[in-house]
There are 2 protein chains.
Amino acid sequence: MSNRTRILRLSRYKNAALRLKSLNFLKVFSDNLADATGVTASQVRKDFSIFGIEGNRRGGYQIDELLTQLNKVLGKDKLQKFIIVGIGNLGRALINYQGFVKSEIKILAGFDIDPAKFNRKADALILPMEELPGFVKTNEVELAILTVPEFAAQEAFEKLRNAGIKGILNFAPIRLKSDDKVIVHNLNLETEFENLIYFVNTHTVPQD
Amino acid sequence: MSNRTRILRLSRYKNAALRLKSLNFLKVFSDNLADATGVTASQVRKDFSIFGIEGNRRGGYQIDELLTQLNKVLGKDKLQKFIIVGIGNLGRALINYQGFVKSEIKILAGFDIDPAKFNRKADALILPMEELPGFVKTNEVELAILTVPEFAAQEAFEKLRNAGIKGILNFAPIRLKSDDKVIVHNLNLETEFENLIYFVNTHTVPQD
DNA sequence: CGCAAATTGTGATAAAAATCACATAATAAC
DNA sequence: GTTATTATGTGATTTTTATCACAATTTGCG
Ligand SMILES: NC(=O)c1ccc[n+]([C@@H]2O[C@H](COP(=O)([O-])OP(=O)(O)OC[C@H]3O[C@@H](n4cnc5c(N)ncnc54)[C@H](O)[C@@H]3O)[C@@H](O)[C@H]2O)c1
Ligand SMILES: NC(=O)c1ccc[n+]([C@@H]2O[C@H](COP(=O)([O-])OP(=O)(O)OC[C@H]3O[C@@H](n4cnc5c(N)ncnc54)[C@H](O)[C@@H]3O)[C@@H](O)[C@H]2O)c1
């Protein structure tokens with residue numbers, strides 16, 4: 001009872017709550033979160049109830065408390081350490097992105113096969129693939145981003161798997177399969193483009 | 001009867017069929033596509049049936065014909081012209097990406113407010129925001145990618161909307177709302193990270 | 001040419017997800 | 001305090017999505 005869509009909604013509730021907090025709100029109602037995220041109020045309450053998140057009847061949800069609980073479910077109560085494999089166009093964009101900093105997501109290092117990419121400066125560490133297994137072990141990294149070209153994705157996937165990585169966000173346009181050892185989230189941007197194109201071409205509005 | 005998930009699956013079937021074609025297969029069965037994409041064979045057939053895509057009993061689907069029909073549904077039978085607003089880390093990665101070229105997706109130009117980004121060379125045209133409405137009209141562009149910082153997203157969204165853009169793929173971490181005039185597909189990468197983190201932390205395997 | 005094997009296409013059925021609706025509790029107003 | 005009002009929390013219900021299962025058809029083979 002906790003599929004991908006439901007977790008996705010929890011992230012959205014969290015983002016909406018953060019925005020309201022930044023506007024100095026102290027409490028929030030299922031209704032507000034529903035408006036902000038485009039779902040019904042009972043959907044919000046049902047989602048919360050499944051994760052044991054409770055509010056006060058008539059009083060709604062204390063934003064701080066709600067955020068604490070949502071962050072706990074989403075793993076944002078502790079630092080999530082990532083490495084990234086493939087420092088090309090996309091890998092570099094991600095490794096340079098400052099938006100993750102404030103959100104308990106940290107990319108510790110990048111890895112590549114191209115020596116021209118290597119860099120030992122602490123703030124943008126880019127290392128050869130050979131050092132990946134050791135780095136993962138020493139730093140107890142469980143999560144990885146994969147941004148190598150399609151032809152290299154399967155090989156890189158296996159290296160990550162062997163190194164003990166537990167979860168991979170894969171941007172290469174090839175479906176890598178999850179199993180007991182590694183969970184893969186395939187994120188194919190071309191597919192996202194196609195999705196938008198379909199709904200524009202058919203003049204239908206998808207229910208997000 | 002054609003939600004986002006179903007269109008997403010059609011994209012995956014298309015990708016699987018392309019791969020099989022590149023291996024010189026001439027026909028394919030619902031079973032093969034199911035394996036390749038991680039769904040059941042009857043799901044494949046049901047999806048096809050909803051879009052009027054037919055095969056031969058006992059003979060499966062001719063790959064070429066199947067691709068023609070899937071490409072038609074997904075709008076890959078004609079060039080899809082995009083512009084991109086915000087040429088920073090992510091915008092530059094997307095505009096430089098060569099993978100879209102072979103797939104009927106073309107980014108005609110980028111737009112930014114920072115004069116340092118402007119570039120009039122034909123192959124990587126980056127123009128000031130002021131030229132956006134004219135460019136969109138002249139080139140009959142309906143689709144846009146939005147990669148500006150969060151604080152600028154709402155404003156840029158409205159400029160795109162006023163210029164007559166019909167569909168936007170939004171990477172800024174803020175939920176822009178679709179309406180009759182513009183369809184928005186919000187793609188929040190942090191949310192995708194959180195999703196992976198959740199399933200890794202809970203040791204559950206999401207059904208893709 | 002007729003029979004056996006294999007695969008589609010789809011109505012029927014099951015499972016999953018979302019919504020409804022209302023009893024229950026908290027708050028505010030007086 | 002008592003009462004009216006407003007939200008929550010959740011079982012019941014509806015809607016949506018996926019699977020089953022099998023008749024209809026095609027293919028290949030003897
Ligand atoms: N750039 C984009 O906007 C974009 C859009 C959609 C999808 N993608 C996908 O994301 C992936 C990366 O795209 P990109 O544009 O950054 O590619 P890129 O070619 O710019 O970068 C790929 C990097 O991976 C490195 N690499 C190659 N083989 C490797 C290996 N075996 N081990 C480790 N590193 C290796 C290369 O040295 C290079 O630095 C590709 O699969 C691409 O299809 C990118
Ligand atoms: N870089 C990433 O890996 C990454 C990851 C997740 C999300 N994002 C999101 O994608 C967006 C872009 O990220 P980025 O790292 O490329 O940012 P960036 O700061 O590198 O680039 C933003 C660009 O937008 C331009 N810009 C600012 N205001 C503008 C306006 N009003 N009109 C037109 N252009 C304007 C800037 O000049 C700059 O070139 C952000 O919203 C970010 O949160 C990026």
Side-chain angles (χ1 to χ4, degrees), chain A residues 1-13 16-17 20 25-67 69-70 73 195 198-199 204-208, chain B residues 1-13 16-17 20 25-67 69-70 73 195 198-199 204-208:
Chain A
M1 197 32 131
S2 66
N3 58 163
R4 198 160 259 169
T5 353
R6 174 158 283 126
I7 305 303
L8 222 128
R9 283 197 304 265
L10 291 187
S11 287
R12 295 206 185 123
Y13 302 151
L20 292 172
F25 281 55
L26 292 179
K27 59 185 186 178
V28 62
F29 304 109
S30 57
D31 205 24
N32 307 139
L33 294 171
D35 280 354
T37 58
V39 302
T40 64
S42 45
Q43 179 77 86
V44 175
R45 298 200 298 274
K46 182 71 88 181
D47 287 338
F48 285 176
S49 120
I50 281 162
F51 288 96
I53 295 175
E54 299 198 342
N56 295 336
R57 295 182 195 222
R58 170 96 198 228
Y61 305 86
Q62 294 298 122
I63 291 191
D64 280 333
E65 198 186 321
L66 178 62
L67 278 170
Q69 296 190 80
L70 287 172
V73 173
N195 219 266
Y198 174 84
F199 288 102
T204 49
V205 181
Q207 74 292 30
D208 192 49
Chain B
M1 195 37 126
S2 64
N3 58 166
R4 199 160 257 169
T5 353
R6 175 159 283 126
I7 305 303
L8 221 128
R9 284 197 303 266
L10 292 187
S11 286
R12 296 207 184 120
Y13 304 151
L20 293 171
F25 282 54
L26 293 180
K27 59 184 185 178
V28 63
F29 303 111
S30 57
D31 204 24
N32 307 139
L33 294 172
D35 280 353
T37 58
V39 302
T40 64
S42 44
Q43 179 78 82
V44 175
R45 298 200 299 275
K46 181 72 87 182
D47 286 339
F48 285 176
S49 120
I50 281 162
F51 288 95
I53 295 175
E54 299 199 341
N56 295 336
R57 293 178 197 227
R58 172 93 198 236
Y61 304 85
Q62 294 298 122
I63 291 191
D64 281 332
E65 198 187 321
L66 178 62
L67 279 171
Q69 296 191 80
L70 286 173
V73 173
N195 219 264
Y198 174 84
F199 288 103
T204 49
V205 181
Q207 75 290 29
D208 193 53

Checklist entry - Contact class for B/S30 vs. all strands (heavy atom < 4.0 Å): base, sugar-phosphate, or nothing? => result sugar-phosphate
Checklist entry - Separation of A/I50 atom CD1 from C/dA16 atom P, in whole Å? => result 13 Å
Next on the checklist: How many whole angstroms separate atom CG of B/L10 from atom P of D/dT17?
Outcome noted: 14 Å
Next on the checklist: Nearest to the side chain of A/Q207, heavy atoms from C-beta on, is which of D/dT19, D/dT17, D/dA12?
Outcome noted: D/dT17
Next on the checklist: Pick the closest DNA chain C nucleotide for A/R9 and for A/R45 by heavy atoms, then say which residue is nearer the 5' end.
Outcome noted: A/R9
Checklist entry - Out of C/dT10, C/dA18, C/dT19, which nucleotide sits closest to the side chain of A/K46? => result C/dT19
Item to check | Heavy-atom check, side chain of B/V39 versus side chain of B/R9, under 4.5 Å | outcome: yes
Checklist entry - Below 3.5 Å, does any donor atom in the side chain of B/R58 face an acceptor in the base of D/dT27, or the other way round? => result yes
Next on the checklist: From CG of B/N56 over to P of D/dA24, roughly how many Å is that when rounded to an integer?
Outcome noted: 18 Å
Next on the checklist: Tell me the interatomic distance from B/F48, atom CZ, to D/dA18, atom P, rounded to whole angstroms.
Outcome noted: 15 Å
Checklist entry - Think B/Y61 has a side-chain N or O under 4.0 angstrom from the OP1 or OP2 of D/dT26? => result no
Checklist entry - Are any of A/T40's side-chain N or O atoms less than 4.0 Å away from OP1 or OP2 of C/dT19? => result yes
Checklist entry - For B/R4 and C/dA18, what is the distance between atoms CZ and P respectively, to the nearest whole Å? => result 15 Å
Checklist entry - Counting only side-chain N and O atoms of B/Q43, is one of them less than 4.0 Å from OP1 or OP2 of D/dT19? => result yes
Next on the checklist: I need the B/F48 CZ to B/L66 CG distance, nearest 0.5 Å.
Outcome noted: 4.5 Å
Checklist outcome for this item: Whole-Å distance, B/D31 CG to C/dT8 P, equals 8 Å
Item to check | Separation of D/dA7 P from A/Q62 CD (nearest whole Å) | outcome: 14 Å
Checklist entry - Taking the side chain of A/F29 as heavy atoms from C-beta outward, which of D/dG11, D/dT8, D/dT27 is closest to it? => result D/dT8
Item to check | B/R58 side chain reached by B/F29 side chain, heavy atoms, under 4.5 Å | outcome: no
Checklist entry - Do B/V28 and B/L33 have side-chain heavy atoms sitting under 4.5 Å apart? => result yes
Next on the checklist: Using the rule given for side-chain contact (heavy atoms from CB on, under 4.5 Å), can you reason through A/R4 versus B/Y198, listing the C-alpha separation, both sets of side-chain angles and the distance that settles it, and then say yes or no?
Outcome noted: CA-CA 9 Å; A/R4 198 160 259 169; B/Y198 174 84; over 6 Å; no
Item to check | Side-chain N,O (B/N3) to OP1/OP2 (D/dT17) below 4.0 Å | outcome: yes
Checklist entry - Given C/dA17, C/dC20, D/dT8, which nucleotide is nearest the side-chain atoms of A/S42? => result C/dC20
Item to check | Euclidean distance, atom CD of residue A/E65 to atom C1' of D/dT8 [Å, nearest integer] | outcome: 14 Å
Item to check | No-H, no-angle donor-acceptor pair, B/R57 side chain to C/dT8 base, under 3.5 Å | outcome: yes
